[in-house]
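Below you'll find the structure, written out as structure tokens, and then a few comments.
A, B, ... follow the sequence lines: proteins, then strands. Residue 1 opens every chain.
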Number of protein chains: 2
Amino acid sequence: MENHEKPHFGYIYPRPAVTTDCVIFGFDMTEELLKVLLIERGIEPFKGRYALPGGFIKIEAKTNEYGLVVEERNESLLECAKRELKEETGFDVQNIYELGTWSTPGRDPRCITITDAYYALVTIQPVRGGDDAADAKWVPLYQVLNTIKNLPEGMRFLAFDHDEIITAAHIRLQQQLCFEPLAFKLLPKRFSMSTLQKLYEAILEKNFDRRNFARKMLDSGILDVFPTESRNINYQLNLEKYEEFKRTGRLSNLIF
Amino acid sequence: MENHEKPHFGYIYPRPAVTTDCVIFGFDMTEELLKVLLIERGIEPFKGRYALPGGFIKIEAKTNEYGLVVEERNESLLECAKRELKEETGFDVQNIYELGTWSTPGRDPRCITITDAYYALVTIQPVRGGDDAADAKWVPLYQVLNTIKNLPEGMRFLAFDHDEIITAAHIRLQQQLCFEPLAFKLLPKRFSMSTLQKLYEAILEKNFDRRNFARKMLDSGILDVFPTESRNINYQLNLEKYEEFKRTGRLSNLIF
DNA sequence: CAGAAAACGCGTAATTTTAACACAAAACAA
DNA sequence: TTGTTTTGTGTTAAAATTACGCGTTTTCTG
């Protein structure tokens with residue numbers, strides 16, 4: 001977000017700066033917690049506060065004689081956001097979805113800034129021992145949300161308006177779970193039923209009966225079954241079956 | 001979208017132009033059809049084609065010595081979008097929600113343009129005899145969607161990438177119907193049960209049994225009952241009851 | 001206006017889905 | 001080993017969904 005502040009020529013029709021921010025969700029299988037990736041800001045504004053990873057969109061394009069951007073970029077906002085994430089957090093994010101824009105006046109003290117927010121689903125690699133990005137940190141979502149909820153009126157926990165963004169991202173995740181197989185993008189290819197249940201419980205903030213949950217999942221037919229060496233069973237999403245499940249309109253059976 | 005093309009000074013860090021487009025849904029009670037408001041473009045590009053109402057955001061702000069926008073706007077993107085709609089279609093839209101951004105390279109042949117898309121829910125006033133905006137037209141949604149679906153590969157019906165936007169808006173409307181009382185924002189304050197059902201059927205593209213639909217709605221308790229002169233009964237949303245319905249987690253009972 | 005057709009309100013029964021809980025074998029921890 | 005937890009497999013009662021029947025009122029149409 002920094003090297004945007006170099007001097008440049010003024011222009012008559014001011015345009016807002018455009019940035020992207022991303023709520024990266026990950027499911028910590030060992031702690032059985034849904035977490036988000038936050039970054040400690042090293043510079044002002046909000047130096048020392050945690051923030052969502054993101055930054056200014058850098059458009060590589062030329063302007064015509066009127067100052068209008070004419071040369072085609074070779075990427076969309078989404079692709080920009082992906083590239084930024086790669087640069088900033090080292091994550092090669094595949095499952096990323098748009099959340100919405102934030103443009104409240106004054107949200108960025110430096111200049112008028114519109115943020116296009118995303119949320120992404122990644123599998124937290126069990127590479128214990130040191131996170132990649134030095135100042136990046138996986139924080140339990142429920143802790144962040146609780147902190148935000150209990151904040152005194154007018155106070156904020158995260159930098160900028162990231163409190164709102166992360167809250168909205170969680171709600172969206174909860175809702176989209178009804179329509180898309182999002183949970184499976186937070187898990188390794190194969191997983192146990194209890195892990196899947198723990199994840200659903202973490203996302204929806206609800207507890208389910210173990211046996212009813214398993215039956216519902218299995219009856220839906222969207223899971224392939226894989227025995228293991230032990231008596232335990234592993235499962236894997238069958239995407240074709242899921243899509244058929246959607247087509248045949250029985251999706252509401254998977255809503256909890 | 002027009003008076004943005006006046007010449008102005010170039011700038012080093014090009015920023016994309018930001019526009020808003022809005023899918024305005026309305027329910028035609030006489031025809032029992034869900035419709036969208038489209039505007040015939042009078043100028044290039046896409047002259048003569050239909051498009052979503054919308055246009056460039058005009059930021060009234062001053063820039064500092066570096067050309068950065070520093071003076072606070074007194075409105076957000078959403079408020080901008082509302083104002084634009086008022087100007088362009090005469091609609092004083094209250095129920096408007098963000099849909100997402102579209103920023104595919106080349107989507108606007110004039111310059112790099114990011115669109116923040118919205119969808120709005122209005123009650124079509126039974127002011128028969130001449131639409132307000134001369135070139136604005138209420139078109140049945142199903143006709144638009146069918147036309148788009150059956151288009152040859154690579155061809156488009158509406159201007160720009162508005163085919164995609166309107167399709168996405170319909171999907172979002174279908175989904176949000178599960179979580180918010182959106183249908184009632186398309187109806188007058190009081191309505192008959194069959195009208196409500198016709199609306200649900202139009203949005204979800206599904207047919208329901210008349211008696212089962214009514215029971216489900218009435219059992220939920222979100223409707224207040226009003227007898228009429230005739231034997232028929234009118235209903236009205238009780239927002240408090242709806243919110244309580246949500247809190248007590250019984251919302252899934254209203255999903256069809 | 002009269003007869004037909006459609007719309008409306010009220011109801012029942014069969015089926016499916018959900019919710020709550022029992023039990024035993026395997027895995028785990030001390 | 002022993003007590004505890006986890007996992008797989010049931011059962012049953014309650015609730016919700018689905019598919020209709022029926023008589024009356026309203027609306028349409030010739």
Side-chain angles (χ1 to χ4, degrees), chain A residues 27-33 177-178 187-188 190-202 204-236 241 244-246 248-256, chain B residues 27-33 126 177-178 187 190-202 204-236 241-242 245-246 248-256:
Chain A
F27 186 60
D28 186 323
M29 307 238 307
T30 59
E31 295 186 46
E32 291 179 338
L33 285 177
L177 197 60
C178 301
L187 295 173
R190 293 185 185 181
F191 45 83
S192 73
M193 187 58 79
S194 72
T195 300
L196 183 62
Q197 179 179 345
K198 288 283 176 4
L199 175 54
Y200 264 80
E201 293 179 335
L204 297 175
E205 297 177 305
K206 232 195 263 189
N207 290 323
F208 304 107
D209 180 276
R210 178 176 59 90
R211 295 148 291 192
N212 293 335
F213 180 88
R215 181 189 7 257
K216 212 169 183 179
M217 276 292 164
L218 292 175
D219 285 357
S220 76
I222 63 169
L223 296 180
D224 288 338
V225 181
F226 295 91
T228 64
E229 323 81 52
S230 72
R231 193 185 61 139
N232 297 358
I233 302 173
N234 274 357
Y235 302 92
Q236 180 178 325
K241 295 252 184 75
E244 188 192 329
F245 201 64
K246 271 192 0 188
T248 54
R250 302 175 55 76
L251 196 76
S252 63
N253 291 17
L254 259 190
I255 295 177
F256 296 91
Chain B
F27 185 61
D28 186 321
M29 307 239 306
T30 57
E31 296 186 44
E32 290 178 338
L33 285 177
L177 197 62
C178 300
L187 295 173
R190 294 187 183 178
F191 44 83
S192 72
M193 188 58 79
S194 72
T195 300
L196 182 63
Q197 178 177 345
K198 288 284 177 3
L199 176 52
Y200 265 81
E201 292 179 335
L204 299 176
E205 298 178 301
K206 231 195 267 191
N207 290 324
F208 304 107
D209 180 275
R210 180 175 58 89
R211 294 147 291 189
N212 293 335
F213 180 88
R215 180 188 8 255
K216 210 168 183 179
M217 276 292 164
L218 292 174
D219 285 357
S220 74
I222 63 170
L223 295 181
D224 288 340
V225 181
F226 296 90
T228 64
E229 324 81 54
S230 73
R231 192 183 63 136
N232 298 355
I233 303 174
N234 274 358
Y235 303 92
Q236 181 178 326
K241 295 250 184 75
Y242 187 93
F245 201 64
K246 269 190 2 185
T248 54
R250 301 173 51 77
L251 196 75
S252 62
N253 291 17
L254 258 190
I255 295 177
F256 297 90

- Message: So which atom in B/Leu251 and which in B/Tyr242 form the shortest heavy-atom distance, rounded to 0.1 Å?
- Response: CD1-OH, 3.7 Å

- Tell me, for nucleotides 22-28 of chain C in 5' to 3' order, what letter each nucleotide earns: B for a base near a protein heavy atom under 4.0 Å, S for only sugar-phosphate near one, - for neither? B--BSS-

- Whole-Å distance between C/dC10 P and B/Asn212 CG? 15 Å

- Task: Rounded to the nearest angstrom, tell me the gap between atom CG in B/Asp209 and atom C1' in C/dT12.
- Result: 13 Å

- Taking side-chain contact (heavy atoms from CB on, under 4.5 Å) as the test, write out the residues that go with B/Ser220, two or more places apart. B/Ile222, B/Phe245, B/Leu254

- Task: State which residues pass ring pair (Phe, Tyr, Trp, His ring centres under 6.0 Å) with A/Tyr235; sequence neighbours excluded, sorted by chain then number.
- Result: none

- Query: Nearest 0.5 Å, what's the CG-CG distance between B/Leu199 and B/Leu204?
  - Reply: 9.0 Å

- Message: Just to verify, what does B/Asp209 make a side-chain contact (heavy atoms from CB on, under 4.5 Å) with, not counting sequence neighbours?
- Response: B/Arg211, B/Asn212

- A/Ile233 CD1 to A/Phe226 CZ distance, which is reported to the nearest 0.5 Å: 12.0 Å

- Test side-chain contact (heavy atoms from CB on, under 4.5 Å) applied to B/Lys198 - qualifying residues, sequence neighbours left out: B/Phe27, B/Glu32, B/Glu201

- Message: Using a heavy-atom cut-off of 4.0 Å across all strands, would you classify A/Ser194 as base, sugar-phosphate, or nothing?
- Response: sugar-phosphate

- Task: Check each residue of residues 214-226 of chain A for a non-hydrogen atom within less than 4.0 Å of any atom in DNA chain C, then write out the ones that pass by number, or none.
- Result: A/Arg215, A/Lys216

- The side-chain contact (heavy atoms from CB on, under 4.5 Å) partners of A/Ala214 (sequence neighbours excluded) come to A/Met193

- Taking atom OH of A/Tyr200 and atom CZ of A/Phe213, what is their separation to the nearest 0.5 Å? 6.0 Å

- Item | By side chain to side chain donor-acceptor pair (under 3.5 Å) - contacts of A/Gln236 (at least two apart) | A/Arg190

- Residues forming a side chain to side chain donor-acceptor pair (under 3.5 Å) with B/Asn232, sequence neighbours excluded: none

- Tell me, please, which residues at least two apart from A/Lys246 pass side chain to side chain donor-acceptor pair (under 3.5 Å). A/Glu180

- Query: At what angle, to 10 degrees, do the two end axes of the helix from C/dC1-D/dG30 to C/dA30-D/dT1 meet, given five pairs define each axis?
  - Reply: 40°

- Message: With heavy atoms of chain B within less than 4.0 Å as the criterion, where does contact along DNA chain D begin and end?
- Response: D/dA16 to D/dT26

- Query: Just how far, in rounded Å, is C1' of C/dT17 from CG of A/Leu251?
  - Reply: 16 Å

- To the nearest Å, give me how far apart CZ (A/Phe208) and C1' (C/dA20) are. 15 Å

